[in-house]
Protein chains: 2
Amino acid sequence: MTTEAPLAFRPLYQQVKERLLNRLIDGTWPPGMWLPSEHQLAQEMNVSQGTIRKALDALTAEHLLVRAQGRGTFVAEAEDRRILFRFLRLTADDDSRQFPESSVASLRQRASDAGQRGKLKLDKGDRVWLIERTRELAGRPVVFEQICLPVALFPGLDQIEPIPNNVYALYASRFGLTVGRVTEKLKAILASETDVAELRCDVGTPLLQIDRIAYSLRGTPVEWRISRCLTDEFHYLSEL
Amino acid sequence: MTTEAPLAFRPLYQQVKERLLNRLIDGTWPPGMWLPSEHQLAQEMNVSQGTIRKALDALTAEHLLVRAQGRGTFVAEAEDRRILFRFLRLTADDDSRQFPESSVASLRQRASDAGQRGKLKLDKGDRVWLIERTRELAGRPVVFEQICLPVALFPGLDQIEPIPNNVYALYASRFGLTVGRVTEKLKAILASETDVAELRCDVGTPLLQIDRIAYSLRGTPVEWRISRCLTDEFHYLSEL
DNA sequence: CAGTGGTCTAGACCACATA
DNA sequence: ATGTGGTCTAGACCACTGG
């Protein structure tokens with residue numbers, strides 16, 4: 001007589017969802033591509049249309065797919081308005097939503113320090129890219145941020161000129177990495193000397209600091225970003 | 001011959017969802033109550049079990065219901081751990097989640113000013129309650145907040161002694177108002193004289209200010225709250 | 001054991017987009 | 001007219017809970 005293992009039960013639609021997700025991860029279905037119809041997928045995977053639907057709906061809820069009645073299902077693109085503002089919570093106080101202009105101040109490669117290795121789950125000896133840039137809203141510098149990326153995931157990044165405004169679209173199109181999830185930790189801090197120069201504010205100005213880690217579809221961290229934001233005329237919007 | 005109106009199409013499961021939601025709003029099914037089984041509801045409303053399920057699942061996704069396989073479906077309670085931390089995004093930097101202790105400094109009634117009427121959609125002449133309190137995390141004052149409530153929605157609030165730590169549970173149990181949604185606008189500010197006294201910090205300390213409006217199940221604003229938080233050892237967590 | 005929610009199927013029909 | 005996703009149904013079976 002053996003002790004019964006708890007034996008995990010995995011619903012069929014979850015297995016289907018995983019198989020579909022793998023095709024997104026490995027680039028079989030790149031951003032923008034139209035998927036086969038529900039009927040075709042159901043036939044191909046030998047499950048009912050309802051089961052396919054449940055998997056597609058789940059991926060749609062995670063913003064990885066977009067569905068349109070009468071047209072079909074396609075892979076979400078980082079250029080979409082919906083995606084653009086999903087991770088950009090900073091808004092003018094009058095709620096006029098606009099996408100910020102960016103200007104890169106520097107891009108260089110460095111050996112990773114302990115903090116970066118902890119945030120990005122790197123090993124000793126791994127190298128990182130460091131990007132510094134300021135972002136303008138309403139013609140005014142509002143955000144100064146430092147972006148840290150593993151060189152292993154972004155080879156030859158320094159040969160891309162210029163670094164575009166929307167870096168997540170770049171990650172997807174040039175490096176096959178789709179950002180699927182982000183966690184942000186917010187604090188209030190005082191402007192440092194560097195901040196003062198970049199944001200043209202006074203020493204001691206309170207700034208909103210956003211400490212963000214972005215995860216790929218595989219669930220691995222791909223970007224660590226620290227943003228310092230002027231919030232005299234802007235705010236960070238959170239809906240719960 | 002008449003011109004055809006565009007005629008909005010409303011799926012059956014949405015109508016069912018609305019009927020169920022109304023029973024939550026009017027108190028037919030108060031927090032904690034067990035609902036009839038899917039089979040019973042389907043019979044009662046003359047729709048299939050699948051349609052009932054879709055409506056129940058939607059309400060569950062909005063955290064208004066809780067479902068448990070083998071046991072049934074019941075109305076979510078504001079005392080639940082899940083609900084407690086849903087609206088409490090402030091966490092210690094070491095991620096040890098704990099619920100803050102609160103001490104009410106004052107509770108008074110006032111005529112509403114223009115700002116309060118705008119936030120809470122009140123009319124001229126409507127009165128409001130004003131609560132001031134500080135909240136402690138890890139035995140240390142961390143949040144100082146002002147809560148503004150329409151007197152019309154919370155009659156006799158000043159006779160409740162003491163005002164409990166979890167006010168949303170109080171709103172539900174004593175005034176039949178369930179908070180279903182919240183929007184928060186975050187800024188970085190400098191500590192004022194009042195903040196300094198309440199939070200035992202220095203003048204000029206940067207604080208995270210949270211401007212929150214809470215909405216009832218009906219979608220009407222029921223609470224306006226401004227919280228000022230020390231973020232030297234704490235942060236606001238946002239997951240996107 | 002009976003009763004609950006959770007999964008899965010098969011098929012019909014509806015709303016919508018495109019050609 | 002055709003093909004897509006969206007809705008709705010009816011029924012079978014599975015997993016879980018509690019008496």
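By convention in this document, chain letters (A, B, ...) are assigned in the order of the sequence lines, proteins followed by strands, and residues within each chain are numbered from 1. Predicted, not measured: the structure shown is a model, and the values here were computed from it.
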Distance below 4.0 Å between B/Thr73 side-chain N/O and C/dT4 OP1 or OP2: no

Nearest-Å distance for atom pair NE2/C1', residues A/His39 and C/dA10: 12 Å

Length of the CG-P vector between A/Leu65 and D/dT4, whole Å: 16 Å

Salt bridge flag under 4.0 Å for residues A/Glu62 and A/Arg181: no

Between OG1 on residue A/Thr60 and CG on residue A/Leu65, distance to nearest 0.5 Å: 5.0 Å

Inter-axis angle, terminal five-pair segments of the helix from C/dC1-D/dG18 to C/dT18-D/dA1 [nearest 10°]: 10°

Pair B/Lys185 + A/Glu239, salt bridge at N-O below 4.0 Å: no

Heavy-atom neighbours of B/Glu101 CD exceed 12 at 6.0 Å: no

Interatomic distance where CD belongs to A/Glu38 and C1' belongs to C/dG11 [whole Å]: 14 Å

Electrostatic pair A/Arg212:A/Glu145 at N-O distance under 4.0 angstrom: no

Pairwise 5' ranking along DNA chain C for A/Arg10 and B/Ala68, keeping only the more 5' one: B/Ala68

Qualifying salt bridge (charged side-chain N to carboxylate O under 4.0 Å, His left out) pairs with a residue from residues 42-51 of chain B, counting only residues at least two apart or across chains: B/Arg23-B/Glu44

A/Ser238-B/Tyr236 side chain donor-acceptor pair, cut-off 3.5 Å: yes

Stepwise salt bridge (charged side-chain N to carboxylate O under 4.0 Å, His left out) test for A/Glu38 and A/Arg67: CA-CA 11 Å; A/Glu38 294 181 349; A/Arg67 317 192 72 187; 2.4 Å; yes

Atom-to-atom span, CZ of B/Phe74 to C1' of C/dG5 - whole angstrom: 13 Å

Cation-pi geometry met for A/Arg135 and A/Phe99 (6.0 Å, 45°): yes

Donor + acceptor pair across side chains of A/Glu223, A/Tyr215 (<3.5 Å): no

Pairs where residues 32-64 of chain B contributes a residue and the test ring-ring contact (aromatic ring centres under 6.0 Å, His included) is met, not counting sequence neighbours: B/Trp34-B/Phe74

Residues from residues 43-63 of chain A lying under 4.0 Å of DNA chain C - heavy atoms: A/Val47, A/Ser48, A/Thr51, A/Lys54

Rounded distance (nearest 0.5 Å) linking atom CG of A/Leu41 with atom CD1 of A/Ile52: 5.0 Å

DNA chain D contacts among residues 11-23 of chain B, heavy-atom distance under 4.0 Å: B/Pro11, B/Leu12, B/Tyr13

For atom CD of B/Gln40 and atom P of C/dG5, their distance in whole Å: 9 Å

What protein N or O atoms touch nucleotides 13-17 of chain D N or O atoms at under 3.5 angstrom, if any, and at what distances?
{"unit_1": "D/dA15", "atom_1": "N3", "unit_2": "B/Gln69", "atom_2": "OE1", "d": "3.0"}
{"unit_1": "D/dC16", "atom_1": "O4'", "unit_2": "B/Gln69", "atom_2": "OE1", "d": "2.9"}

Nearest-angstrom distance from the residue atom CH2 of B/Trp34 to C1' of C/dG3: 12 Å

Electrostatic pair A/Arg225:A/Asp211 at N-O distance under 4.0 angstrom: no

